[in-house]
Amino acid sequence: PWVAAAGVAVPMVSGRGLGHTGGTIDKLAALPGYRTDLSLERFQGIVAQCGFAMMAPSADLAPADRRMYATRDISGTVESIPLITSSILSKKLAEGIDGLVMDVKCGRAAFMQKEADADRLLDSIAAVGAAAGLRVTALRTDMDHPLGLALGNALEVAEIVAAAKGHGPRDMVELTVDLAAEMLLLAGVETQHTAACERLRRSIASGDVVRRLQHNLELQGGDPHVVD
């Protein structure tokens, strides 16, 4: 919603949890009624109406990844760099995006615990993305310590809603702004990182992000009043 409020369309296809981490789709399930099993037509329509949509892989969009996800989880291959690369990019390329900003985690709680491994993953995603005609920016960020203050899908979603209102934990907000700013730069909405960050902070202060989030909740079957 932050990036959509700045005028950039964000089609988002996400997976469920792997290993000890909760997946984006698992977290969104904490929102009452929220639907991520969308048809392609509905997915495109929601992006057109509110600027972003959240969807799980389906029989029509990245169907192989859904099977590979489950296989990796039980076969000890969650940390395989080629499989991580193909899983991420199969979904992203299927979305039809022009640019991708990756948050590559590194640290004790990450799949990539060493900087060298995180950099290998970063380079792999960038190389394969470029070969597919995608502009890719990647940041290597810390996962030695928890981000934000909440643990658990519902609590983390509540924390995100607070952040959309300008009340989120400082570390989580700063990282989100940095990643979102890179998205604005790739989209050509801004040309400098500082200006992009300021634009994002203004959209929070004006309430645009909350309104965008509520609109999306309404379109995807959720209760927009949960934000209140």
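Note that this is a predicted model, so its numbers are computed, not measured.
Electrostatic pairing of Arg211 and Asp208 counts as a salt bridge here, judged by a charged N lying under 4.0 Å from a carboxylate O. By the 4.0 Å N-to-carboxylate-O rule, Lys91 lies too far from Glu95 to be salt-bridged with it. Ion pairing between a basic and an acidic side chain is recognised when a charged N comes within 4.0 Å of a carboxylate O; Asp98 and Arg135 show no such pairing. A salt bridge links Asp117 to Arg120: one of the charged nitrogens lies within less than 4.0 Å of a carboxylate oxygen.
Side-chain atoms of Lys105 and Thr141 form a donor-acceptor pair, as typed in the model, at a separation below 3.5 Å. For the residue pair Asp171/His145, the side-chain donor-acceptor check at 3.5 Å is not satisfied.
Between the side chain of Gln214 and the main chain of Pro224, a donor-acceptor pair closer than 3.5 Å is present. A side-chain donor-acceptor contact under 3.5 Å links Arg212 to the backbone of Cys50. Of the possible donor and acceptor atoms, one in the side chain of Glu159 sits under 3.5 Å from a partner among the backbone N and O of Leu149. Checking side-chain atoms of Lys165 against main-chain N and O of Gly207 turns up no donor-acceptor pair under 3.5 Å. Remark: the backbone N or O of Arg42 is paired with a side-chain donor or acceptor of Ser39 at under 3.5 angstrom. Within the 3.5 Å criterion, the main-chain N or O of Leu83 finds no donor-acceptor partner in the side chain of Ser87. Remark: side-chain polar atoms of Gln220 are paired, donor with acceptor, to backbone N or O of Arg35 under 3.5 angstrom.
In summary, of the residues considered (Leu121, Ile88, Asp119), a side chain to side chain contact (heavy atoms under 4.5 Å, CB included) with Val104 occurs for Leu121 alone.
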